[in-house]
Amino acid sequence: MEHKIEIDWFEYKFLKEQLKEYTEQKRQLYEYMGFEEEYLITRASLKSLTKNHLSLMVLEQRNMIRRLIDDLEPEKREAHMQFLDDLYMNK
């Protein structure tokens with residue numbers, strides 16, 4: 001059964017932009033987590049991105065990590081923070 005609704009053109013554009021942003025953030029989260037091969041950006045694709053786009057990706061991924069860690073219980077949060085410290089400080 002198909003339902004149709006009418007909405008204002010500006011609302012449509014806003015919702016379309018929100019969906020685009022949501023889809024991109026979801027893809028970036030999956031990319032960062034290495035969720036599935038289909039979400040991983042290949043080395044060639046990364047090389048084709050501009051510095052501005054790569055910088056934006058890094059900042060968005062940092063924001064996602066903060067958000068995920070903030071949602072954890074204090075003990076788990078501390079364990080994950082220690083893991084991230086060890087991961088990035090031992091390189």
Side-chain angles (χ1 to χ4, degrees):
M1 182 175 200
E2 189 174 317
H3 297 283
K4 292 185 180 184
I5 61 170
E6 289 187 27
I7 60 173
D8 183 59
W9 174 251
F10 294 110
E11 186 176 1
Y12 169 77
K13 287 177 70 173
F14 172 77
L15 293 172
K16 188 175 178 180
E17 188 60 35
Q18 291 296 307
L19 178 61
K20 181 180 172 185
E21 185 177 323
Y22 167 79
T23 303
E24 178 62 17
Q25 286 181 352
K26 181 179 170 183
R27 188 201 58 75
Q28 286 187 15
L29 178 60
Y30 286 166
E31 159 69 24
Y32 186 79
M33 294 178 356
F35 187 71
E36 292 181 9
E37 285 294 319
E38 67 187 75
Y39 290 105
L40 297 178
I41 298 175
T42 63
R43 185 178 204 88
S45 294
L46 285 171
K47 286 182 177 182
S48 71
L49 298 175
T50 64
K51 288 182 182 180
N52 188 43
H53 189 89
L54 290 170
S55 298
L56 183 60
M57 283 178 59
V58 168
L59 294 173
E60 287 175 348
Q61 288 173 351
R62 287 179 185 171
N63 188 34
M64 284 184 246
I65 291 169
R66 283 189 198 106
R67 198 169 185 184
L68 292 171
I69 289 176
D70 286 345
D71 286 344
L72 295 173
E73 297 170 3
E75 299 82 29
K76 287 186 178 182
R77 184 180 307 130
E78 185 60 37
H80 285 289
M81 293 299 290
Q82 185 60 50
F83 172 78
L84 289 173
D85 282 348
D86 293 346
L87 180 68
Y88 291 112
M89 296 303 173
N90 291 328
K91 284 191 171 189

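Quantities reported herein were computed from a predicted structural model and do not represent experimental measurements.
Shown here are the side-chain contact (heavy atoms from CB on, under 4.5 Å) partners of Asp8, two or more places apart in sequence or in another chain: Phe10, Glu11. Looking at residues two or more places apart in sequence or on another chain, you find no salt bridge (charged side-chain N to carboxylate O under 4.0 Å, His left out) involving Glu78. Looking at residues two or more places apart in sequence or on another chain, you find a side-chain contact (heavy atoms from CB on, under 4.5 Å) between Ser45 and Ile41, Thr42. In terms of the ring pair (Phe, Tyr, Trp, His ring centres under 6.0 Å) criterion, residue partners of Tyr12 (sequence neighbours excluded) are, by chain and number, Trp9. Checked against side chain to side chain donor-acceptor pair (under 3.5 Å), Gln82 has the following partners two or more places apart in sequence or in another chain: Asp86. Remark: Ser48 engages no residue in a side chain to side chain donor-acceptor pair (under 3.5 Å) (not counting sequence neighbours).
Atom CG of Asp71 is separated from atom NZ of Lys76 by 12.0 Å, given to the nearest 0.5 angstrom. With rounding to the nearest 0.5 Å, the separation of CE in Met81 from CZ in Arg77 is 9.0 Å. If you take OG1 on Thr23 and CD on Gln18, they are separated by 11.0 Å, rounding to the nearest 0.5 Å.
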Let me check something: any side-chain donor-acceptor pairs from residues 54-69 under 3.5 Å, sequence neighbours excluded? List them with distances.
{"unit_1": "Ser55", "atom_1": "OG", "unit_2": "Lys51", "atom_2": "O", "d": "2.9"}
{"unit_1": "Glu60", "atom_1": "OE1", "unit_2": "Gln28", "atom_2": "NE2", "d": "2.9"}

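Cluster annotation: Ile7 and Phe14 are assigned to the same hydrophobic cluster (Ile/Leu/Val/Met/Phe/Trp/Tyr, side-chain heavy-atom contacts under 4.5 Å, transitive).
Contact check for Lys4 versus Glu2: side-chain heavy atoms found under the 4.5 Å cut-off.
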